[in-house]
Structure formats: C-alpha cells, structure tokens
> 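Below is the structure I would like to discuss, written out as structure tokens.
First listed ligand is number 1; within each ligand, the first listed atom is number 1.
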Amino acid sequence: MRVLVTGGAGYIGSHAVLELLEAGHQVVVLDNLCNGSAEALTRVESLAGKPLAFCQGDVRDRALLDALFADHAIEAVMHFAGLKAVGESVERPLAYYDNNVHGTLVLCQAMAAAGVYRLVFSSSATVYGAGAPVPYVETLPRGTTANPYGTSKAMVETLLEDLQVADPRWSVVLLRYFNPIGAHPSGRIGEDPRGIPNNLMPFISQVAVGRREALEIFGSDYPTRDGTCERDYLHVVDLAQGHLLALERAGSPGVHVYNLGSGRACSVLKMVETFQRVTGRAVAYRFASRRAGDLPAFWADAGKAERELGWKARRGLDEMVADTWRWQSANPEGY
Ligand code: NAD
Ligand code: WQD
C-alpha cells in the first residue's frame, strides 16, 4: 500500500515508517521538522534497506497536501503530526488547537478531495480524563481532559466520528496510546526530545548518560503501592507494529477505537530501579512535589486490540529499558 505518514520524522512515526517499509509498503513522509529529524529518516532508510519519499512541509498546508496526494497515489494515511507537550499546551493553547485540530481538519479535507478514506490517528489515553475507572476500556466515554493537549485529542476523535457518520466511506482507527518508551533494538533511532524532557524515560536516560544531574520524582504520597504514580509503559516497536495491524483494519468502514498499552502498571520508582538494574548505571533522583494534572495510576485494558487486531505488547520492561539505553548511550546528544 502507498501510505502517507504525517509526523514520520518524529519518535513514534519514525518507528512506524520502519515497520511499514519492512512490511513492503511504500511510504511518503510529511513532516515540518518542528520536533522531528531528517536524520531519523535517513537511518530508517538504511535500517530498512529501502528508500522513502520525504516532504518537509506542514500538514495545515492544503495546496501541499493536494500535490502529495496527486503525485503519489496515496491509499491510506497514518497521522502522527502534532504537538504533544502537556505543559506547553497550557501556555499556548491556540498553537495546540491550530496544529492538532486544524491540522487534522485540513488533512481530512485533502483526503476527501483525493478520494482517500483510510486513516489511522494517534490518539491518547488522556482522552479518558480524570476520574475514569481503571483499567481504561474503550467502551468508557471520553472524560474531561486536564489540559489543551488532551482536549485537542478528544476534539479530533469527535471530529473524525462526525465525519464518518456524514460519509460512511471513511475508515478511521483511533489508537489510544498509553506511555510509549524504548527505541529500535539497533540503537539507531529513538526518542530525541528538544530541551528539557517532559517525560519520565528520556529524563532518566539523560541522567544516566550524564546530561542531567538528577531525576525529580513528582510526588511520593500517591495512593499507590510505593507512593509514586503508576503508568502503563509499552515498547515503541510494539506500538509501531500495532499501527500496521490497524492499517489493515482501516480497510473496513467505521470508527475503530483501540487502546495500545501493555495492560500492566509500573511505578516511577520501579522504573528507576529497573533502569539501574538493567543498565548497571546509577540514576540519581530526589523526591519533589506533585506535578499539576498527574493522575495517581492508570493502565489499559488491552483486550480489544488483542481480540480484534491480534496485537499484544510483547516486549517487557527490561527490554524497553535496554533498548532505550542502547539508543541513548550510542547517541548521547540525540541525532
Ligand atoms: P514527536 O514530536 O516526536 O513527533 C511528531 C512529529 O510531527 C514531529 O516530527 C514533528 O516535527 C511533526 N509535526 C508537528 N506538527 C506538524 C505539522 N503541523 N505538520 C507537519 N509535521 C508536524 O511525537 P511522538 O511522540 O512521535 O508522537 C506522535 C503522535 O502520537 C503525536 O500526535 C502525539 O500527540 C501522539 N501521542 C504520543 C504519545 C507519547 O507519549 N509520545 C502518547 C500518546 C499520543
Ligand atoms: C510518567 C510519570 C510523572 C517526569 C504524558 C502525557 C500523555 C501522553 C504520554 C502524549 C508521571 C513522572 C515524569 C519526571 C517524574 N502523551 N515523572 N519526573 O504524564 O503519564 O503522560 O505522556 O503525547 O498524554 O500526559 O507521562 O512520562 O510525563 O510521566 O516523576 O521528570 O513519571 O509524574 O507519574 P504521563 P510522563
């Protein structure tokens, strides 16, 4: 299949592009490189031993999208492009709604004009909102999200559902990711955040490699087993492989919603301990106050993806950590 991957130069997108190429698909990447890297794509090509087409540009650029659909006979789209920093979304809500919501709207308009109705969208477990019972299951309603980033994901889900009702030719898969971490086992591609990492795993690995002094653990008095927050971490390669299965599912009309998570919760302290054990590196940390908006614990009911897609998170925590460290230690400053 000829697949347009928006945001394909980013963390998750680059891993998905590699899986697509290895499975024999042809890939066109559209990325404005605001948080991605062309070097990631060069490495993906060398890992796959196959070329891809790359267009540096913005998903909100309708004329550019029209040209891409016309030139490449695209059959399906994986839509990763967007902004994802929760804290920044509180400071710059308009930038988040513009990029994430308006960007998706322009993409859908261009898809419809080109007669392309297969879409896989990067949604997030954040759409369940605060107060949803755990584990999160897809039949729960979307909840009240805690920040503009989360709201933008919920708005896009609604937009896509409305679109599919209006035109049943659409086949939309909403993939609700839990906490993706890890890197390709080659150590050649991985997560390369700009500036100070917001997320736990890149912060830990930057402490271990000597780029940062110590991890701050946000909160030690949560009602969890060890007092630190619990999350459902999954390996980015498992996540990327889930997209391939979802792409096939996107052949049947409708809106298909799947949690992509491991179904298991891991605390911040357990992650630090696992990292130290698996890598043999010390990770300095100190406890700090809670971070606004954090929930104590959530994880996926991942049964639907297994039943309907045959997808399961196969790689465990030790492998997630080992692969993160291979990437980080081989690329201490990122790409
Ligand atoms: P990322 O920032 O590494 O990748 C996003 C890519 O999109 C970047 O390469 C960026 O340059 C590009 N981009 C952003 N805006 C664009 C635009 N307007 N036009 C073209 N390209 C644009 O992030 P990621 O972690 O790979 O996340 C990919 C998607 O998955 C995002 O939509 C994100 O919200 C979603 N998601 C991520 C997580 C996570 O924990 N990483 C969890 C749930 C959902
Ligand atoms: C995990 C745990 C922190 C950093 C976010 C988004 C979500 C999704 C994934 C998508 C929490 C703790 C973290 C640090 C810490 N995003 N922590 N010290 O918050 O579960 O999810 O990323 O695009 O929408 O909200 O992930 O990695 O930020 O945090 O103690 O320096 O680690 O408090 O308990 P989170 P995270």
> Return the residue, atom name and 0.1 Å-rounded distance of the protein heavy atom closest to atom 17 (C) of ligand 1.
Asn32 ND2, 3.2 Å
> Using 30° and 60° as the class boundaries, would you call the ring planes of Trp327 and Tyr335 parallel, tilted or perpendicular?
tilted
> Quick one: look at Lys153 and ligand 1, take heavy-atom pairs under 4.0 Å, and tell me if it's side chain, backbone, both or neither.
side chain
> Salt bridge check: are Lys270 and Asp226 linked by an N-O gap of less than 4.0 Å?
no
> Heavy atom under 4.0 Å from ligand 1: found in Leu33's side chain, backbone, both, or neither?
backbone
> Under 3.5 Å, N or O to N or O, is Ala81 touching ligand 1 that way?
no
> Give a yes or no on whether the backbone of Asn259 and the side-chain of Glu138 come within a donor-acceptor separation of less than 3.5 Å.
yes
> Taking all atoms of both residues into account, what is the closest heavy-atom pair of Gly82 and Asn99, and its distance?
CA-OD1, 4.1 Å
> Between Glu22 and Lys50 (salt bridge meaning N to carboxylate O under 4.0 Å), is one present in this structure?
no
> Quick test: of every protein heavy atom, which one is nearest to atom 19 (N) of ligand 1, and how far off is it to 0.1 Å?
Val59 N, 3.0 Å
> N or O contacts of ligand 2 with protein under 3.5 Å, please list pair by pair.
unit_1	atom_1	unit_2	atom_2	d
ligand 2	18 (N)	Glu216	O	2.7
ligand 2	19 (O)	Arg291	NH2	2.8
ligand 2	20 (O)	Asn179	ND2	3.0
ligand 2	20 (O)	Arg231	NE	2.5
ligand 2	22 (O)	Asn199	ND2	3.2
ligand 2	23 (O)	Tyr149	OH	2.7
ligand 2	24 (O)	Ser124	OG	3.4
ligand 2	26 (O)	Asn179	ND2	3.1
ligand 2	27 (O)	Asn199	ND2	3.4
ligand 2	27 (O)	Leu200	N	2.8
ligand 2	28 (O)	Asn198	O	3.4
ligand 2	28 (O)	Asn199	ND2	3.0
ligand 2	28 (O)	Arg291	NH1	3.4
ligand 2	28 (O)	Arg291	NH2	2.9
ligand 2	29 (O)	Arg291	NH2	3.4
ligand 2	30 (O)	Glu216	O	3.3
ligand 2	30 (O)	Phe218	N	2.9
ligand 2	33 (O)	Asp294	OD2	2.6

> Near Tyr149, which atoms of ligand 1 are under 4.0 Å from a heavy atom of that residue?
33 (C), 34 (O), 35 (C), 36 (N), 43 (C), 44 (C)
> Among the heavy atoms of Gly57, does any lie under 4.0 Å from an atom of ligand 1?
yes
> Using a strict cut-off of less than 4.0 Å between a Lys/Arg side-chain nitrogen and an Asp/Glu carboxylate oxygen, indicate whether Glu88 and Arg194 qualify as a salt bridge.
no
> For atom 3 (O) of ligand 1, find the nearest protein heavy atom and state the residue, atom name and distance (0.1 Å precision).
Tyr11 N, 2.8 Å
> With no hydrogens and no angle check, do the side chains of Arg142 and Thr158 hold a donor and an acceptor under 3.5 Å apart?
yes
> Measure the distance from atom 42 (C) of ligand 1 to every protein heavy atom, then report the residue, atom name and distance (to 0.1 Å) of the closest one.
Tyr177 CD1, 3.8 Å
> Could you check whether Thr151 and Thr145, counting side-chain N and O atoms only, form a donor-acceptor pair closer than 3.5 Å?
yes
> Quick one: nearest non-hydrogen protein atom to atom 25 (O) of ligand 1, plus distance?
Lys84 NZ, 2.8 Å
> Near Ser122, which atoms of ligand 1 are under 4.0 Å from a heavy atom of that residue?
29 (C), 30 (O), 32 (O), 35 (C)
> Considering all heavy atoms of both residues, which atom of Cys108 and which atom of Leu119 are nearest to each other, and what is their separation?
SG-CD2, 4.3 Å
> What protein heavy atom lies closest to atom 29 (C) of ligand 1? Include the residue and the distance to one decimal.
Phe80 O, 3.2 Å
> Pairs of nitrogen or oxygen atoms closer than 3.5 Å, one from Leu30 and one from ligand 1: do any exist?
no
> Is the shortest side-chain heavy-atom distance between Asp232 and Tyr136 below 4.5 Å?
no
> Counting heavy atoms only, which of Asn100, Val236, Asn35 is nearest atom 2 (O) of ligand 1?
Asn35
> Whether the Tyr11 and Asn199 side chains hold a donor-acceptor pair (N or O, under 3.5 Å, no angle test) is what I'd like checked.
no
> Among Leu83, Leu41, Asp31, which one has a heavy atom closest to atom 8 (C) of ligand 1?
Asp31
> Check Arg60 against ligand 1 and report side chain, backbone, both or neither, counting heavy atoms closer than 4.0 Å.
side chain
> So, for Phe80 and His15, is the gap between ring centers shorter than 6.0 Å?
no
> Decide, yes or no, whether a salt bridge links Glu157 with Arg176 under the criterion of side-chain N to carboxylate O below 4.0 Å.
yes
> Among all protein non-hydrogen atoms, which one is nearest to atom 37 (C) of ligand 1, and what is the separation to 0.1 Å?
Ile12 CD1, 3.7 Å
> Can you find a non-hydrogen atom of Asn99 under 4.0 Å from ligand 1?
yes
> Between Val3 and Val120, is there a side-chain heavy-atom distance shorter than 4.5 Å?
no
> Output the list of atoms in ligand 1 that are nearer than 4.0 Å to some heavy atom of Cys34, sorted by atom number.
10 (C), 11 (O), 13 (N), 14 (C), 15 (N)
> Do Glu333 and Arg211 have side chains that approach each other closer than 4.5 Å (heavy atoms only, starting at C-beta)?
yes
> Any idea which of Gly10, Gly103, Ala9 brings a heavy atom closest to atom 4 (O) of ligand 1?
Gly10
> Are any of the N/O atoms on Pro180, whether in the backbone or the side chain, positioned under 3.5 angstrom from an N/O atom of ligand 1?
no
> Between Ser123 and ligand 1, find which residue part has any heavy-atom pair under 4.0 Å and reply side chain, backbone, both or neither.
backbone
> Is the closest side-chain heavy-atom distance between Gln206 and Pro197 below 4.5 Å?
yes
> Before giving the answer on side chain to side chain donor-acceptor pair (under 3.5 Å), spell out for Tyr233 and Ser262 the whole-Å C-alpha distance, their side-chain angles and the decisive distance to 0.1 Å.
CA-CA 7 Å; Tyr233 298 93; Ser262 72; over 6 Å; no
> Can a non-hydrogen atom of Thr6 be found less than 4.0 Å from any atom of ligand 1?
no
